[in-house]
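Just below is one structure, and these are the notes that go with it.
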Amino acid sequence: MDPLLTSLNRAQCAAVQHTTGPMLVLAGPGSGKTRVVTHRIAHLLRTGVPAAQLLALTFTNKAASEMRSRVGQLAPGEPVWLSTFHRFGAKLLRHYADHVGLSPNYTIYDTVDAKQALTRVIEAGNFQTMHYTPGRIGQAISRAKNKLIAPDRYQPRPGSPLSHIVAEVYPAYQRRLLASSAVDFDDLLMHVAQLLYANPDVRATLDERFRYILVDEYQDTNHAQYVILRALSADHRNLAVTGDPDQSIYGWRGADLNNILQFETDYPDAHVVRLERNYRSTKRILRVADQLIGNNLRRKRKSLFTDNEEGGAVRLVEYVTQDDEASSIATQISAAISSGQRRASDFAIFYRVNALSRGLERAFRQVGLPYQIIRGLEFYQRKEIKDVLGYCQLINNPRDDQAVLRTINTPARGIGAKTVNRLVQHAYAERIPLLDAARQVGTIQTTWASRCAKKVSAYVSLVDRLSTLADADMEEILGKILSETGYHDQLRDGETEEDLSRLANIEELLTDARQFDEEYPGGGYLESYLENAWLVNETDGWEADTDKVTLMTLHAAKGLEFPVVYIVALEHGVLPHERSTSDPSQLEEERRVAFVGITRAEQELQMSYAVERDFRGQRRRTVPSSFLLEMPREEMQVTFLEAVGPAVTCVDEFREDFIADDIPSIDLDSGLPEASISGESNSPLSQGVTASITTAAQMAGDGIDRLGHVSPDAFAQGMAVVHPEHGLGKIVALSGSGKNRRATVGFATAGEKRFVLVHSPLRPAGQ
DNA sequence: TCATGACTAACTGTT
DNA sequence: TTAGTCATGA
């Protein structure tokens with residue numbers, strides 16, 4: 001028998017062996033879905049399908065890289081195109097940019113940039129937005145884009161003031177994006193859909209090229225993605241989608257559950273495979289999940305079962321405060337680790353909102369538990385990183401207004417809001433990019449103070465100077481930016497804690513760039529580098545093989561599994577989230593979020609809530625989540641507090657309701673966690689905490705070996721160095737790696753010189 | 001034009 | 001709690 005199939009069950013085999021025609025794989029949690037997808041890719045390759053005809057699309061970067069590594073094991077060296085929808089869209093758009101009015105070097109705006117751009121458009125256009133914030137308007141535009149409603153086709157609805165505003169603002173916003181040759185995340189899909197729709201020849205070419213398409217997490221696709229998929233599989237109808245309606249948790253992002261619920265209507269000849277056997281969780285965990293999700297109406301019924309062990313009871317624990325909750329969990333985990341039962345990496349803690357991670361972090365630090373937090377977009381959202389990347393954006397795409405606005409006065413060079421506004425007005429009036437407007441400063445606006453004009457011209461020539469670097473190594477580009485703009489000096493001379501951490505982050509960025517250069521040597525990859533920065537999310541930074549406890553949102557947890565799972569803050573308003581409690585379909589989505597969390601657990605699961613929780617700096621009484629009442633009592637072990645003080649009626653009521661449902665095992669006074677660990681005693685263990693980033697510079701030490709040679713690693717951006725002939729200088733930029741590592745050094749007398757570090761007599765100053 | 005400090009409003013999730 | 005806005009004085 002084919003070794004690809006031996007380890008699979010019947011349903012899995014059926015899915016893997018399916019080759020032509022549409023297929024829907026309904027895969028319950030833990031049913032080996034990723035296995036099926038990867039094995040199917042390998043199987044297709046084995047049956048002679050060229051790798052170039054395969055396209056596998058996922059929803060997140062994490063899922064894509066997971067899949068890439070697994071396909072790599074099954075079918076090494078096969079160049080299967082495997083990426084997220086957005087990345088796929090970005091690549092296609094590079095190729096067909098002119099078809100949709102972009103230049104190939106277009107910029108991708110993240111949520112923040114897009115919102116700022118929108119705000120500018122609203123201000124500049126003097127739109128009356130009444131009480132609607134740019135955020136609200138942006139959401140409405142995003143929804144329209146996800147539904148593929150083009151700016152000129154948007155129809156305001158009577159009785160919806162917001163839609164009238166959107167009808168005005170949306171076209172202006174989109175015009176400005178195109179003028180900047182920029183797209184937002186939604187455009188990555190909308191433009192592609194439009195491209196395929198408006199260009200039958202392009203569509204046919206791509207349909208021909210991607211004859212076999214596999215889509216993971218199909219329940220999370222939105223209308224735009226749906227249309228793209230349909231367009232790419234019209235002639236070659238080998239579209240295989242996998243998903244689980246019960247795990248659809250991106251409705252707010254436009255995911256349309258109908259896509260999966262109606263797949264069989266769209267493709268009447270679709271082969272449908274159900275993967276219902278769960279290989280992940282214990283019977284009791286699965287029953288809790290199954291009964292909870294049974295309360296949803298909009299779903300496809302499926303029966304989950306497992307041959308795994310019965311397992312221990314699912315725990316529900318009540319705490320007084322969030323601090324109790326956090327420290328109890330931390331103590332439990334470290335006890336399990338020190339007794340040798342578990343490793344730190346066996347544990348994961350899930351929460352509904354990122355803000356809840358802070359208390360947990362504190363508790364973990366106190367106990368000295370190593371942990372890693374998965375949080376979206378942290379690094380690339382930092383001001384200093386965005387500032388530096390802003391210059392890169394500008395080098396890559398000089399029409400990028402957002403980049404101009406970000407960099408024109410960063411670091412401060414005396415170009416104030418007033419000047420910028422005049423520039424913007426001029427640019428909008430002339431319908432030209434901001435940088436061009438800045439370029440014209442000397443010639444057009446005679447009324448301007450020559451002081452301002454001078455500064456603006458200096459900025460323009462700075463950008464021009466940097467632009468000559470477009471094809472250099474990333475590290476060199478970044479290095480030049482840092483030195484030429486004075487950004488590095490400014491931070492280095494700063495004394496605040498903040499400046500220090502900014503500097504550390506910059507170092508981290510340089511290290512990252514250096515790694516990138518090693519992977520893509522020779523330079524000229526600025527665009528790819530930026531694309532990567534724009535489309536990453538920090539989930540990629542998750543290291544499965546380090547021994548740390550994982551903390552993340554329930555959304556980020558999708559697709560992962562852990563031996564022991566904690567879900568915290570099962571409270572009304574948190575899970576379900578307060579913005580979702582009124583709408584039944586949103587409530588169902590919240591239930592699915594809980595379902596996803598529960599089904600990540602392999603052996604143990606603890607859910608908890610606190611009677612009091614700090615929110616917005618205020619302490620509030622909570623109401624336990626109604627979802628808890630929907631779970632089977634007989635599978636659970638409950639730990640209620642004995643007394644929570646006077647008149648905690650909501651919690652009392654909840655307990656009565658919970659107990660009324662004939663609960664066999666209750667455990668009223670045992671198991672209450674000890675108040676908390678004394679905060680003062682700072683154990684030496686806490687040294688092990690690993691939340692901070694160690695920069696390459698920190699690790700490099702003095703970098704001088706016994707022979708007196710200075711390791712190339714000893715040199716860092718901006719460092720003062722000594723040369724025997726030229727004397728004191730400063731490192732302006734670094735590039736290359738290993739023995740090819742070069743430094744550009746600016747000397748006081750001799751000007752700029754370039755050195756190959758291993759052969760150079762350069763030394764860090766002062767050594 | 002910029003730095004400072006007071007004040008205020010917001011806190012879902014991800015590409 | 002905190003990021004962001006606003007007013008003030010230098």
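We use all heavy atoms of the structure for the numbers below, so side chains are in, but hydrogens, waters and symmetry mates are not. Just so it is clear: chains get the letters A, B, ... in the order the sequence lines come, proteins before strands, and each one is counted from 1.
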Aromatic ring of Trp252(A) stacked on base six-ring of dG13(B), 5.5 Å, 30°: yes

Value in whole Å for how far the C1' atom of dG4(C) lies from CD of Gln116(A): 11 Å

Short side-chain N/O contact from Thr111(A) to OP1 or OP2 of dT14(B), under 4.0 Å: no

Nearest-angstrom distance, P atom, dG4(C) to dG13(B): 15 Å

Pairs under 3.5 angstrom, nitrogen or oxygen only, protein versus nucleotides 4-11 of chain B, please.
residue: dC11(B); atom: N4; partner: Arg616(A); partner atom: N; Å: 3.4

Residue Thr419(A), side-chain atoms from C-beta onward, closest of dT1(B), dG13(B), dT2(C): dT1(B)

Partners meeting side-chain hydrogen bond (donor to acceptor under 3.5 Å, both in side chains) with Gln194(A) (sequence neighbours left out): none

For atom CD of Glu217(A) and atom C1' of dT14(B), their distance in whole Å: 13 Å

Spacing of Phe350(A) atom CZ relative to dT14(B) atom P, expressed in whole Å: 13 Å

Side chain Gln490(A), main chain Pro411(A), donor-acceptor under 3.5 Å: no

By side-chain hydrogen bond (donor to acceptor under 3.5 Å, both in side chains) - contacts of Thr58(A) (at least two apart): none

Over-ring placement of Arg413(A) relative to Tyr459(A), 6.0 Å and 45° cut-offs: no

side-chain hydrogen bond (donor to acceptor under 3.5 Å, both in side chains) involving Ser142(A) - partner list, sequence neighbours excluded: Asp186(A)

Proximity to the side chain of His555(A) - top-ranked nucleotide from dG13(B), dT2(C), dT1(B): dG13(B)

Distance in angstrom units between Tyr109(A) OH and dT14(B) C1', rounded: 21 Å

Interatomic distance where CZ belongs to Arg358(A) and C1' belongs to dA3(C) [whole Å]: 12 Å

Which residues share a side-chain hydrogen bond (donor to acceptor under 3.5 Å, both in side chains) with Tyr525(A), sequence neighbours left out: none

From dT2(C), dT1(B), dT14(B), nucleotide with atom closest to Lys418(A) side chain: dT1(B)

Please output the side-chain donor-acceptor pairs of residues 115-122 of chain A that fall under 3.5 Å, not counting sequence neighbours, one pair per line with the distance.
residue: Gln116(A); atom: OE1; partner: Gln402(A); partner atom: NE2; Å: 2.8
residue: Thr119(A); atom: OG1; partner: Lys115(A); partner atom: O; Å: 2.7
residue: Arg120(A); atom: NH1; partner: Asn421(A); partner atom: OD1; Å: 3.2

Along DNA chain B (nearest heavy atom to each residue), the more 5'-positioned of Ala417(A) and Phe85(A): Ala417(A)

Distance in angstrom units between Asp220(A) CG and dT14(B) C1', rounded: 10 Å

Phosphate OP1/OP2 of dT14(B) contacted by Asn61(A) side-chain N/O (<4.0 Å): no

Nearest-nucleotide comparison on DNA chain B, the residue closer to the 5′ end among Asn409(A) and Gln586(A): Asn409(A)

Whole-Å gap separating P (dG13(B)) and CD1 (Ile374(A)): 14 Å

Value in whole Å for how far the P atom of dG4(C) lies from NZ of Lys383(A): 11 Å

